Amino acid sequence: ALAMKSHTVPRFLLDQFACNDPVTKQRRLWQYAKGQRPTGSASPRSATRIDRHFADPINEEREAKLETRLNDEFEDPVHKFLKNLQMWTFFMSRLQVRQMTRYTTLLFNRSQNRRGATAEQVTVAIQTTQSFLADDEKVAKVAARWTMEMIRLGFELDRPVGNADVRKSAEDMIATMQTPEHQQTTYVDSMERAMAFLDDALDNGQWNVIQTAIDHPFVIGDAPVVTWERLDNGMLLYGKGFETPDVEVVLPVASTTCLHILPAVARTRRSRQPSIDEVNQAQAAFATRYC
């Protein structure tokens, strides 16, 4: 099968941070990485593009279908108005807020950071199965239930399902869960669940736009949706869930424009507009490889 190179950040969004290169006559991005000199030669076409990011080892057709859905259902509707956010006079309609909610949620889920977190998700499932195996009473109940179900379905049994059969099945399942292939399939499963989910707190939140001058621009990282909670002393605690009290969400959408979203959650503090440096430092803190 032809390997697809999936963007963790859509090319159209990256292009809002690009400039026209007078030498190549093409769009180029300045790219920053820890411990390296900045380079001005990155292309919006290839930056954040990762081989087989959405591939499913057990279903080769799934990646192309997921890419098509991401483009048609989530990216294109937002890209039709994304540039308008750079205008002071533009306000999103109710429909556009909903489209932007889905776009933001998917951006959060498609990052390499989220893909990497799938390992922890699988570990929890393995630990749950191991604790089940340690409980003889639960194993015996499952064996009895399987026996009854097989009889109901018309299987001819020469003996009831035993505890050893259940244990063998659970141990085989753990062995499968420990493979990289299972982890990748689990990640694609979670992407499809995210595509079917509307985050009500985000959708009903307060959507603010921060503008800056081109000589003090926003940067965008390869995991651009960043969340934080601001303490009374101004300190930011990164990495809060969208449902957390006092959570704030930032997403730069152009070099001069950044969304600052206050989801509809319990709020105990007055929020304040983040500074350009706070946004950029958060982008750098969450970046997997590049800003």
Side-chain angles (χ1 to χ4, degrees), residues 6 8 50 52-63 65-66 69 102 105-202 223 225 227-229 237-247 249 263-266 286 288:
S6 307
T8 59
I50 296 167
R52 301 183 68 77
H53 186 70
F54 297 126
D56 182 350
I58 61 175
N59 183 348
E60 288 188 351
E61 295 174 0
R62 198 175 179 193
E63 182 179 22
K65 287 178 181 174
L66 193 143
R69 280 195 63 200
R102 293 188 180 279
T105 309
L106 266 294
L107 263 182
F108 178 81
N109 281 284
R110 68 201 282 178
S111 70
Q112 282 182 278
N113 285 345
R114 174 60 189 85
R115 185 188 182 193
T118 306
E120 293 167 35
Q121 194 179 334
V122 172
T123 298
V124 171
I126 290 171
Q127 288 170 345
T128 303
T129 310
Q130 287 170 335
S131 70
F132 160 74
L133 284 172
D135 189 325
D136 291 336
E137 192 178 332
K138 281 184 181 173
V139 171
K141 282 181 179 176
V142 169
R145 196 180 312 140
W146 283 8
T147 302
M148 295 298 292
E149 185 65 11
M150 291 177 80
I151 291 169
R152 188 184 72 79
L153 293 171
F155 286 93
E156 288 189 17
L157 301 178
D158 55 2
R159 63 173 178 80
V161 177
N163 289 12
D165 300 315
V166 175
R167 290 185 183 284
K168 172 74 167 61
S169 179
E171 283 160 4
D172 289 347
M173 191 169 74
I174 288 173
T176 301
M177 285 195 283
Q178 288 171 330
T179 63
E181 290 80 11
H182 175 81
Q183 188 171 312
Q184 179 63 20
T185 296
T186 302
Y187 172 62
V188 180
D189 289 345
S190 67
M191 275 299 298
E192 290 197 336
R193 280 196 301 275
M195 290 162 85
F197 170 72
L198 176 70
D199 192 298
D200 288 327
L202 208 57
V225 179
T227 61
W228 67 50
E229 177 191 349
L237 299 180
Y238 291 146
K240 299 293 178 177
F242 289 160
E243 307 285 333
T244 309
D246 292 310
V247 66
V249 183
V265 295
F286 275 81
T288 313

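What's counted below: heavy atoms across the whole structure, side chains too, no hydrogens, waters or symmetry copies. Given the structure is predicted, the values throughout are model-derived calculations rather than measurements.
- Distance check: E243 CD to L202 CG gives 9.0 Å after rounding to the nearest 0.5 Å.
- Salt bridge annotation for E192-R62: present, with a cationic side-chain nitrogen under 4.0 angstrom from a carboxylate oxygen.
- The structure places CG of L157 at 5.0 Å from CE of M150, a figure rounded to the nearest 0.5 Å.
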Audit row: F242, V225, side-chain contact (heavy atoms from CB on, under 4.5 Å) steps and yes/no: CA-CA 11 Å; F242 289 160; V225 179; 4.0 Å; yes

task: Applying side-chain contact (heavy atoms from CB on, under 4.5 Å), run through K65 and R69 and close with a yes or a no.
output: CA-CA 6 Å; K65 287 178 181 174; R69 280 195 63 200; 5.8 Å; no

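- T147 places a side-chain N or O within donor-acceptor distance of the main-chain N or O of A143, the cut-off being under 3.5 Å.
- Taking CE of M173 as the start and OG1 of T129 as the end, the distance is 4.0 Å to the nearest 0.5 Å.
- Minimum interatomic distance between N163 and A140 (heavy atoms only, all atoms of both residues): OD1-CA, 3.4 Å.
- Ring orientation note: the planes of W228 and Y238 are tilted relative to one another, at an angle of 30° to 60°.
- Across every non-hydrogen atom of F197 and R102, the tightest pair is O-NH1, 3.6 Å.
- Under the 3.5 Å distance criterion, the side-chain polar atoms of S169 are left unmatched by any main-chain donor or acceptor of V166.
- A salt bridge is defined here as a Lys NZ or Arg NE, NH1 or NH2 lying under 4.0 Å from an Asp or Glu carboxylate O, and E149 with R152 meets this definition.
- Expressed to the nearest 0.5 Å, how far CZ of F108 lies from OG1 of T227 amounts to 6.0 Å.
- Between E137 and K141 there is a salt bridge, since at least one side-chain N of the basic residue sits less than 4.0 Å from a carboxylate O of the acidic one.
- The closest donor-acceptor contact from the side chain of N109 to the backbone of L106 lies at 3.5 Å or more, if one exists at all.
- Checking D136, D135, D172 one by one against R167, the salt bridge (charged side-chain N to carboxylate O under 4.0 Å, His left out) holds for a single residue, D136.
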- request: Please report the C-alpha distance between V265 and V247 in whole Å, then the side-chain angles of each, then the deciding distance to 0.1 Å, and finally whether the side-chain contact (heavy atoms from CB on, under 4.5 Å) criterion is met.
  value: CA-CA 8 Å; V265 295; V247 66; 4.1 Å; yes

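- Atoms OG and CE, from S190 and M195 in turn, are 11.5 Å apart once rounded to the nearest 0.5 Å.
- Distance CG/L133 to OG1/T128: 11.0 Å, rounded to 0.5 Å.
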task: Could you walk me through whether F132 and V142 pass side-chain contact (heavy atoms from CB on, under 4.5 Å), step by step?
output: CA-CA 10 Å; F132 160 74; V142 169; 3.7 Å; yes

